[in-house]
Amino acid sequence: MAIKELTVIVVFSWIVCTTGHEFFSSTDKVAQLFEEEKDLLESFSLYIDAEEENVLIMKSILLALQLLTYFDNENPEKTMRDPVAAYKLVRRVRSEWLTIVEITQQSHYEKYQELLAFADIPELEDVDGAASELIRLQEFYKLYPHNITKETSLDADQAYNVGLVAYDEDKFQHAFLWFLYSLNRLTEYSTTTEKELLNYLSSSAYHFGSLSVAIYFKQRLLNLDPTNDKVRVELSLYKLLRLQGTSNPDIFTLNTKSKNLYEALCRGEVDERTSKRQRALSCRYSTGGGNPRLMYAPVKEEVEWDEPRIIRYHDIISDREIEFLKNISRPQLSRSMIRHLRVSNLRTSQSVFLEEDNTVLARISQNIADITGLSMESSESLHVQNYGIGGRFEPHYDALEDENGRIATFLIYMSDVEIGGATVFPKVGVALKPKKGSAVFWYNLQNNGRVDFDTQHAGCPVLVGNKWVANKWIHEFGQEFRRPCSLSDWE
Ligand SMILES: *[C@@H]1O[C@H](CO)[C@@H](O)[C@H](O)[C@H]1NC(C)=O
Ligand SMILES: *[C@@H]1O[C@H](CO)[C@@H](O)[C@H](O)[C@H]1NC(C)=O
């Protein structure tokens, strides 16, 4: 019966619980929400079908009962004086009532309500969390509402809500810009009113310190609502404050100064490689220092930076292999989410260590060994990561100074990223753009085993696109005789 399918669908699809801005952190979560939406509508449709079936059954039973009454129709006069006829009538009405009670109890209404209550749909906080992430990205990349809504526009009500979230977070300039965006999109169908918007535009400007703008919008509000004494008083107050003279910053223009080098690198404003140092950097074919496996298929390498040495290897993994790795990672990524493995805000992505034995993983590992000249014997298994929109990894070091630390990192890009998602080294000013099929390699530890602090790096927030990477972390043990000779190739 349909209701059984209904139960299965609803229960299965809503087990996964997602909260807040984490909807954004992985593309797979966004995909999952699409699935949830599909299931929600499908279960609704199944519910309607089941109820329709029920209504048909009820109608046919009603018909049967009516027929019975029709054929048994004693004349009331007779029934009133005939005890047998009276008995028959009493008995029949009782049985009709029982049938009706029973059949109407088969309605799926209550069961469906239970299922809906159990459904884990986004809460209001999730919607606000998504808006909050949107604002964080905007702040990071210095984007105006019209920049970020180029692909997908928002209507006045949606923009108003984003503005309210920004306002609640005391981000008054972004709030103001969203309210302005909303004001320009007001239609007769909007729920948001012009008065609300003018009021918020004025207070955002006031809190930001732009008194002339605050006064302008307050005046417009007063023109719309001339009898509002509260607005009149606020307007006079603002005018008074303006007389006292304040800085009056320009609320319409975003400050494009970056807070730090990390941000500036992510935004592509600086890249030390454009300096004259770049000329010293080179691009060539390498055989991994004469490795026989690379003699006939040398790998194309590019020195991205000299100190610390960061090398990019091109075309080291095929599209097919990438697809294979994504395929085996995907179910494990979602599984980790079902177990509520919380992702910290410093690292918004989903990841998995691929532990199993298979030829693709073995080949990748061998390839890394050949290229770097390092032993894979103490390396970790390949670590696959998927970053969705907003997915980032704040500046960090891969290595700790402990026994058998992560001597080197081999980072494989399994996708291009349309905007954002660069790997940046803030200490030295290098930004590496993800390029599908390429990998970058660097030593985290110096020859003396100390952490090379210049290798601090970060994954910039993904603005548009879907970032997949695979990390191979190589450890010290097993490299005793290898590192010096692999380095001789460079020094
Ligand atoms: C956003 O829009 C501003 C002004 O309209 C423009 O100068 C800027 O280049 C845009 N930024 C991006 C990243 O598109
Ligand atoms: C990956 O999975 C898709 C869909 O299940 C399948 O069509 C494709 O052949 C798989 N690719 C590889 C390389 O395993």
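As the structure is a prediction and not an experimental result, all values here were calculated from the model. Both ligands and their constituent atoms are indexed starting at 1 by order of listing.
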Examine F477 together with H475 and report whether their ring centres are nearer than 6.0 Å.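 Between H475 and F477, which both carry aromatic rings, the centre distance is not below 6.0 Å.
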Y262 ring center within less than 6.0 Å of F140 ring center: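 Yes.
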By number and element, which atoms of ligand 2 are closer than 4.0 Å to a non-hydrogen atom of N327?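 Counting from 1, the qualifying ligand atoms are 1 (C), 2 (O), 3 (C), 8 (C), 10 (C), 11 (N), 12 (C), 14 (O).
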Between E35 and K38, does any side-chain N to carboxylate O distance fall below 4.0 Å?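 K38 and E35: salt-bridged.
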Numbered atoms and elements of ligand 1 in range of K150, under 4.0 angstrom, heavy atoms: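 Matching atoms, with element in brackets: 14 (O).
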Near L143, which atoms of ligand 1 are under 4.0 Å from a heavy atom of that residue?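 Answer for ligand 1: 13 (C).
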How far is [atom] from its nearest protein heavy atom, and which residue and atom name does that atom have?
| atom | result |
| --- | --- |
| atom 13 (C) of ligand 2 | R320 O, 3.7 Å |
| atom 7 (O) of ligand 2 | E323 OE2, 4.8 Å |
| atom 2 (O) of ligand 1 | N147 ND2, 2.5 Å |

Does the ring of F410 carry K472 above it, NZ/CZ under 6.0 angstrom from centre and within 45° of its axis?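 Relative to the ring axis of F410, which defines the angle, K472 lies outside at least one limit.
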Under a heavy-atom criterion of less than 4.0 Å, does K142 contact ligand 1?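 Under 4.0 Å: no for K142.
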So among Q173, E169, H174, which one has a side chain to side chain donor-acceptor pair (under 3.5 Å) with K171?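 Single side chain to side chain donor-acceptor pair (under 3.5 Å) partner of K171 among Q173, E169, H174: E169.
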Just say parallel, tilted or perpendicular for the rings of Y47 and F44, cut-offs at 30° and 60°.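 The arrangement is parallel - the two ring planes meet at less than 30°.
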Show your reasoning for whether salt bridge (Lys or Arg N to Asp or Glu O under 4.0 Å) applies to E133 and R392. CA-CA 12 Å; E133 184 60 36; R392 79 198 71 199; 2.6 Å; yes
Tell me whether atom 4 (C) of ligand 2 lies less than 4.0 Å from at least one protein heavy-atom position.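 Within 4.0 Å of atom 4 (C) of ligand 2, no protein heavy atoms are found.
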Nearest protein heavy atom to atom 9 (O) of ligand 1: under 4.0 Å?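 Not a single protein heavy atom is under 4.0 Å away.
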Close N or O approach (H146, ligand 1; < 3.5 Å):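 Yes; the residue has a nitrogen or oxygen that sits under 3.5 Å from a nitrogen or oxygen of the ligand.
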